[in-house]
Structures are given as C-alpha cells and as structure tokens.
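See below for the structure under consideration.
None of these values were measured; they are calculated from a predicted model. Remember, it's 1-based here, ligands and their atoms both numbered in the order they're listed.
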Amino acid sequence: MNRSLDYSLLAKLTQAFGPSGNEREVADVITDSIKDHAESIVTDTMGNLIVRKKGQGHKIMIVCHMDEVGIIVTHINENGFLYYAAVGGLKSGDQVSKRVRFSNGTVGIINKEKDDTVEKKSEKLYIDIGATNEQEAKELVSIGDMAVLTGEFLETENVIISKAVDDRVGCFIALEVIKNITSPYDLYFVFSAQEEVGARGARTAAYTTEADLAIVIDTTFSFDTPKKVQNRTSLHNGVAIKVMDRSIVVSPALKNWMAKIADANSILYQWEIITGGGTDSGPIHLTKGGIPTGGLAIPVRYLHSGNEMVAKKDIIAGIDLLTALITTPLYFEL
Ligand code: CO
Ligand code: ZN
C-alpha cells in the first residue's frame, strides 16, 4: 500500500505536555482529532482515554500510551536552583545540557553540580530556570511539579525527529486507523496513562474492557546505530511484531497470525525480541483469567532522550498492519 501522510497531527501530539499522570493535554489533542469518528469517548479514573468504535463480532482492544518520560521537582534551593527525580526511564547521561519545560511554559536547563574538592563535575544534577533566588523560583515552579524534555518536531524526507515519539507515534497510528476504517469488530482504542512508570493505566483499562484480544502499539529499541548489534529491530525495516520482551511472551498463534496478515498484504515487518523493557502488553495479558495480547512496535532511535528518531516507512507499515489486522476476520482460536 502506498500512503502519503500528513504528519501535522503527529507534530501536535509529540509537542503536547504529558508526563505520567498528567496526560490531559495529549488526551485533548486526541479527542479533537477523532470526535466525529467514534461512538463514545470517555476518560476513566486513571486518566485513560477510551474511544469506542462499535461493531458486532469480537471485542478488540487497541492500546497505545499517552504519557512520556519526565522529571519531578523534589527541592528548590536558596539560590533558586531545582533538584529533581526522574519520572520513568530517563538516562542520566541523556540529561545534561538538555532543556525541560513545565506545563506553565517555564523552561529550565539541566546541568551537573561542580565538585568542590576536585576540579570536575559531580553526578548530581540540577535545573536552572534563570531565577535569582528561592522566592523567584517558587513563583514559577512548586515542589511536586513535573516537566518534560523539550525537542522540537522536525520532518525530513525519511524520518521524524521529536521529543515524545514514544509513544505518540503509537497514538498517531491508532488515530489514522480510527479515521479511516470500518471494522467487523467491536473496537476499544485505549490511549493509556502512566505506562512509563509501570504500565498502570492499561492494567485498569484491560480489567474494565474485558476484550477478547488486545493489540498494543508502542515503540521499541533500534539496534542500528554505530557499534550496536546488527540484524535486530532497526529503522526503515518496517513495523515490528512482538515476540517477547521482559513482560510478555506472545502466543505463537497470535504472532504468526500477525505475520501472515502482513505477508498477505505485502507489509514490511520485522520481529521484536528484547530481554529488557516492557510495555502495556505485560499487565494486559495477565488481566482476569488472561487476555490474548499481541504487540506492534515501531523502532525508535534515542528513546527517552528528547530527540527520538522514527522512520516514516515504519509508521506507514504500522498503520497498514493495524488496519489489516482489525479488518480481516480472525482465523485462529482466541
Ligand atoms: Co517509553
Ligand atoms: Zn513507550
């Protein structure tokens, strides 16, 4: 299939503010973009946004997370510098000299404390928002406030670069599908909250939805940068079909069904096998008596860095495969 896509919605999604537990701005962008294409849109207690496209047959839940990694302010010192903890898997090596933005627009720069005794920098990180003292800083930021890494949206011929590609690209894929399909199934699109702190939103959404099948769309590591292992998930090689991660072993019948549908529709795919990292698929497949759960993963370079890179080709393969999966009658036993 050949698609040319308008990525302006992805730009809006990635630039929205949405650290874990603060997904409202992202949810609003999503609601705005599909309100004419769904039977119902509800927000649950956890902050999950659940979009229903009613249909007859099996109940299928499609899940992608709205939240992004960020930081939370733990202390403000007398000179107006902020101290913080990570919210989700932020690597400290990725933080120095990066900018962060709070929901009120306040921007700060992360840097390392200097070590008094030695002429080098310590490992301790702080945020400089340009305040001259504690009082001034507290007018802009409070203890407990969260911020996200900034990273403007850029589009080239082949790739997208932005903050929060994880997992707004999954949301984008789901939205493109919602806008364009009619499916024989009863579809629940769950835009989940708090994935980055332990897949919490998806857990309760899976319990209430009681789907017959769940398909999770998230990002995955790209192993194709210099000196890394080749022949594993990489950019420009298509959508990845999840086989295993730290939180799930996908049933062979389910992953093979996905691959068969991809083959039948000439959709470029690769296998995702990782030993670290989990996604919403973990808690979902363990809900109640167990829910058949599979995953589509989009390879992304520099995950959680504020400058994440994804290939357009892989996004398109993701849209094509999700579309094919939920419009083709299921032929394996659920
Ligand atoms: Co992530
Ligand atoms: Zn993710």
Side-chain angles (χ1 to χ4, degrees), residues 10 13-23 26-27 30 46-49 61-72 86-95 98 100 146-151 160-175 189-203 205-206 214-223 233 235 239-242 244-248 250 272 274-285 293-311 314-315 318 322:
L10 183 56
L13 287 164
T14 56
Q15 293 304 301
F17 178 86
S20 305
N22 295 264
E23 296 88 356
V26 186
I30 291 170
M46 288 294 292
N48 299 306
L49 187 77
M61 182 167 96
I62 296 108
V63 185
C64 42
H65 69 89
M66 296 189 286
D67 62 315
E68 66 192 292
V69 293
I71 63 96
I72 184 162
V87 180
L90 263 191
K91 282 175 258 144
S92 57
D94 284 342
Q95 296 171 43
K98 291 271 166 74
V100 294
M146 285 188 188
V148 295
L149 295 169
T150 68
I160 303 286
I161 302 166
S162 176
K163 81 170 187 59
V165 167
D166 173 13
D167 184 28
R168 309 288 161 73
V169 70
C171 299
F172 178 69
I173 288 169
L175 292 170
F189 287 84
V190 175
F191 297 90
S192 65
Q194 300 195 34
E195 189 274 346
E196 297 290 358
V197 289
R200 295 174 187 164
R203 183 185 301 264
I215 300 171
V216 174
I217 314 158
D218 206 337
T219 57
T220 190
F221 306 109
S222 187
F223 290 90
T233 44
L235 253 59
V239 57
I241 296 173
K242 187 181 288 295
M244 187 185 93
D245 64 31
R246 204 188 51 211
S247 67
I248 187 170
V250 177
E272 184 203 30
I274 49 175
T275 49
T279 63
D280 283 339
S281 54
I284 292 170
H285 85 295
T293 304
L296 303 185
I298 309 298
V300 170
R301 289 182 187 159
Y302 324 119
L303 274 170
H304 296 186
S305 73
N307 283 299
E308 303 174 339
M309 185 187 286
V310 60
D314 303 340
I315 298 175
L322 182 62

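Distances from the Co ion (ligand 1) to the N/O/S atoms of Asp166 are shortest for OD2. The atom name of the N/O/S atom in Asp166 closest to the Zn ion (ligand 2) is OD1.
In the model, His304 has a side-chain atom that pairs as donor or acceptor with a side-chain atom of Asp166 under 3.5 Å. Side-chain contact, Gln15 with Ser162: a donor N or O sits under 3.5 Å from an acceptor N or O.
Between the side chain of Arg200 and the backbone N or O of Ser20 there is no donor-acceptor pair closer than 3.5 Å. Remark: the backbone N or O of Gln194 is not paired with any side-chain donor or acceptor of Glu196 at under 3.5 angstrom.
Rounded to 10°, the angle that OD1 of Asp218 and NE2 of His65 form at the Zn ion (ligand 2) is 100°. With the Co ion (ligand 1) as the vertex, NE2 (His304) and OE1 (Glu196) define an angle of 80°, rounded to 10°.
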